[in-house]
Amino acid sequence: DDSHELRAGPADEDLLDRLFCNDISRCVAGAAAAHEAHQFRDALIWSFDLLQQCRDRYRSLTSSKKQHKMLLRLYITTQTLLLAPFCPHYCEHVWAQLGKTDSIMR
């Protein structure tokens, strides 16, 4: 079963890849704006709920082809960084699983 294989190569050549990358950037901007306004509930919504919805949409839209490895790693890294203020111990664990040797809190 090759349903879990991932695609490599340039991520900017495919429309769905670019859409997912833009969705990630939009969620980062929304979370940052919410943090700056001290609207932490909204920051959590941007960091988890909306970003998760973007990932789910990418997964469903790419069901007939392989997902891009670099974009999924970007998604995991981004969500881990965005969630670190809310659940630092879990994010520290994920950060280490990503191969990072320094603390996520740096």
Side-chain angles (χ1 to χ4, degrees):
D1 182 16
D2 66 347
S3 62
H4 297 296
E5 287 186 28
L6 301 175
R7 188 168 37 90
D12 60 350
E13 294 179 353
D14 185 81
L15 177 64
L16 296 176
D17 292 346
R18 289 194 316 246
L19 176 67
F20 185 43
C21 191
N22 286 339
D23 283 346
I24 292 171
S25 296
R26 184 175 47 88
C27 288
V28 168
H35 272 288
E36 289 173 12
H38 299 280
Q39 297 171 337
F40 301 114
R41 179 181 169 271
D42 291 340
L44 184 57
I45 289 171
W46 279 105
S47 301
F48 184 76
D49 295 331
L50 297 176
L51 191 55
Q52 199 85 359
Q53 288 175 17
C54 294
R55 191 275 328 257
D56 291 345
R57 181 174 65 171
Y58 178 67
R59 184 172 49 192
S60 69
L61 290 173
T62 58
S63 62
S64 63
K65 63 181 185 174
K66 297 176 184 175
Q67 297 176 19
H68 200 285
K69 182 178 182 174
M70 188 265 317
L71 285 178
L72 292 179
R73 187 168 180 89
L74 173 66
Y75 161 78
I76 294 167
T77 302
T78 301
Q79 189 167 56
T80 303
L81 287 167
L82 290 176
L83 289 175
F86 302 103
C87 47
H89 296 93
Y90 172 76
C91 290
E92 194 71 50
H93 173 73
V94 173
W95 196 247
Q97 293 297 311
L98 289 170
K100 310 291 185 175
T101 56
D102 56 336
S103 173
I104 194 169
M105 295 305 187
R106 288 186 159 228

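It should be emphasised that the depicted structure is a prediction, and the values quoted were computed from it without experimental measurement.
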Separation between [atom1] of [X] and [atom2] of [Y], rounded to the nearest 0.5 Å:
| X | Y | atom1 | atom2 | answer |
| --- | --- | --- | --- | --- |
| Leu83 | Phe48 | CG | CZ | 7.0 Å |
| Leu98 | Arg73 | CG | CZ | 5.0 Å |
| Arg26 | Leu51 | CZ | CG | 9.5 Å |
| Thr77 | Lys100 | OG1 | NZ | 5.5 Å |
| Thr62 | Asp17 | OG1 | CG | 8.0 Å |
| Glu92 | Thr80 | CD | OG1 | 10.5 Å |

So which heavy atom on [X] is nearest to which on [Y], and how close?
| X | Y | value |
| --- | --- | --- |
| Trp46 | Cys27 | CE3-CA, 3.6 Å |
| Ala43 | Ala34 | N-CB, 3.4 Å |
| Met105 | Pro88 | CE-CB, 3.0 Å |

[X]-[Y] co-clustered via ILVMFWY side chain contacts under 4.5 Å:
| X | Y | value |
| --- | --- | --- |
| Phe40 | Leu44 | yes |
| Leu72 | Leu82 | yes |
| Ile104 | Val28 | yes |

CA sep, side-chain torsions, deciding dist, call: Leu19, Leu61, side-chain contact (heavy atoms from CB on, under 4.5 Å) = CA-CA 11 Å; Leu19 176 67; Leu61 290 173; 4.2 Å; yes
Could you check Val94, Leu71, Leu81 and say which one makes a side-chain contact (heavy atoms from CB on, under 4.5 Å) with Ile76?
->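 Testing Ile76 for a side-chain contact (heavy atoms from CB on, under 4.5 Å) against Val94, Leu71, Leu81 leaves exactly one candidate, Val94.
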Given Asn22, Leu16, Ile24, the one that forms side-chain contact (heavy atoms from CB on, under 4.5 Å) with Phe20 =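 The residue from Asn22, Leu16, Ile24 that satisfies side-chain contact (heavy atoms from CB on, under 4.5 Å) with Phe20 turns out to be Ile24.
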Evaluate the side-chain contact (heavy atoms from CB on, under 4.5 Å) criterion for residues Gln67 and Leu6: first the C-alpha distance (whole Å), next the side-chain angles of each, then the deciding distance (0.1 Å), finally the verdict.
-> CA-CA 5 Å; Gln67 297 176 19; Leu6 301 175; 4.1 Å; yes
On the 0 to 90° scale, with breaks at 30° and 60°, tag the Tyr90-His93 ring pair as parallel, tilted or perpendicular.
->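 Tyr90 and His93: tilted rings.
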Backbone N or O of Ser60 within a donor-acceptor pair of the Ser63 side chain at under 3.5 Å?
->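 It does hold such a pair.
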Any side-chain heavy-atom pair of Asp49 and Gln52 under 4.5 Å =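 No; the side chains remain at least 4.5 Å from each other.
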